[in-house]
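Heads up: numbering here begins at 1 and tracks the sequence.
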Amino acid sequence: GDYSVVFKTNCGSFTFDVDEEAGLTAASFVQLADSGFYRNTIFHRIVTNFVIQGGDPTQTQAGGPGYSTVDPPPANFHYGSGTVAMAKTGAEPIGTAGSQFFVLTTDESGLPAEYAVVGKVTKGIDVVELIGTLGDVLERPTQPVVISSVTVVES
């Protein structure tokens, strides 16, 4: 089906539409969101004018659901503002995904087509951009940005 995911944070809410071609990655993200996995987690990495990253319940940048999926993005994919994709380590295969995700706050990310794409922000890009201003030089949030709830809406 067609799904939208609504994030409610202490900075406001934003919604993204799940890319139906995202395969197992999309199914996993929807299942994690539906099960409450992301509830009361934080955006643990914020790179000003680039990306916000969340989805790690341990807040160590190493946490995840205990499994991974692999859905390589389309060749030459452009990761622009509002793109929601899955974080991975440099050692993992292209398209590997666990629970950690990022949302881009710039159209000029320069990222290579290596990250599984989950969707695109359709509402609340201003909230994403606001969160994207709250990072310090160490890419840590300057204040807690808490995800209080994540709701999956089927259309």
#### Entry: Sole candidate of Arg140, Gln61, Glu139 that passes side chain to side chain contact (heavy atoms under 4.5 Å, CB included) when paired with His44
Gln61

Rounded to the nearest 0.5 Å, what's the gap from [atom1] on [X] to [atom2] on [Y]? Could you check?
X     : Y      : atom1 : atom2 : answer
Thr41 : Ile147 : OG1   : CD1   : 3.5 Å
Asn10 : Gln143 : CG    : CD    : 7.0 Å
Ile52 : Cys11  : CD1   : SG    : 9.0 Å
Arg45 : Gln59  : CZ    : CD    : 15.5 Å
Ile42 : Ser148 : CD1   : OG    : 13.5 Å

### Message
Could you tell me if Tyr67 and Ser28 have a donor-acceptor pair between their side chains, going purely by distance under 3.5 Å?
### Response
yes

Flag the pair [X] / [Y] as yes when at least one side-chain heavy-atom distance between them is below 4.5 Å, and no otherwise.
X      : Y      : answer
Leu134 : Val145 : yes
Glu154 : Asp2   : no
Val152 : Val30  : yes
Val150 : Arg39  : no
Phe37  : Pro57  : yes
Phe50  : Leu111 : yes
Gln53  : Phe43  : no
Val127 : Ser13  : no

If you take all heavy atoms of [X] and [Y], which pair is closest and at what distance?
X      : Y      : value
Pro72  : Ile94  : CG-O, 3.9 Å
Asp56  : Thr58  : OD1-OG1, 2.6 Å
Asp17  : Thr122 : OD2-CG2, 3.3 Å
Thr105 : Ser81  : C-OG, 4.0 Å
Asn40  : Val146 : CA-CG1, 4.2 Å
Val18  : Ala26  : CG1-CB, 3.5 Å

### Message
Would Phe7 and Phe101 count as a ring-ring contact (aromatic ring centres under 6.0 Å, His included) here? Give the steps.
### Response
CA-CA 13 Å; Phe7 280 83; Phe101 64 93; 5.3 Å; yes

### Message
Could you check whether Phe16 and Tyr3 have their ring centres less than 6.0 Å apart?
### Response
no

### Query
What do you reckon, are the aromatic ring centroids of Phe77 and Tyr79 less than 6.0 Å apart?
yes

Is [X] linked to [Y] within one hydrophobic cluster, defined over Ile, Leu, Val, Met, Phe, Trp and Tyr using a side-chain heavy-atom separation of less than 4.5 Å?
X      : Y      : value
Leu130 : Val128 : no
Ile125 : Ile131 : yes
Val51  : Phe14  : no
Val84  : Leu104 : no
Val6   : Phe102 : no

So, the side chain of [X] versus the backbone of [Y]: is there a donor-acceptor pair under 3.5 Å, distance only?
X      : Y      : result
Asp71  : Gly95  : no
Thr106 : Ser109 : no
Thr83  : Lys120 : no
Tyr38  : Ser99  : yes
Gln100 : Gly63  : yes
His78  : Asp107 : yes
Thr142 : Asp136 : no

#### Entry: Trace of the side-chain hydrogen bond (donor to acceptor under 3.5 Å, both in side chains) decision for Ser4 with Thr15
CA-CA 7 Å; Ser4 293; Thr15 303; over 6 Å; no

#### Entry: Stepwise side-chain contact (heavy atoms from CB on, under 4.5 Å) test for Val5 and Thr151
CA-CA 6 Å; Val5 179; Thr151 306; over 6 Å; no

### Task
State whether the number of non-hydrogen atoms from other residues, nucleotides or ligands found under 6.0 Å of Glu21 atom CD is greater than 12.
no

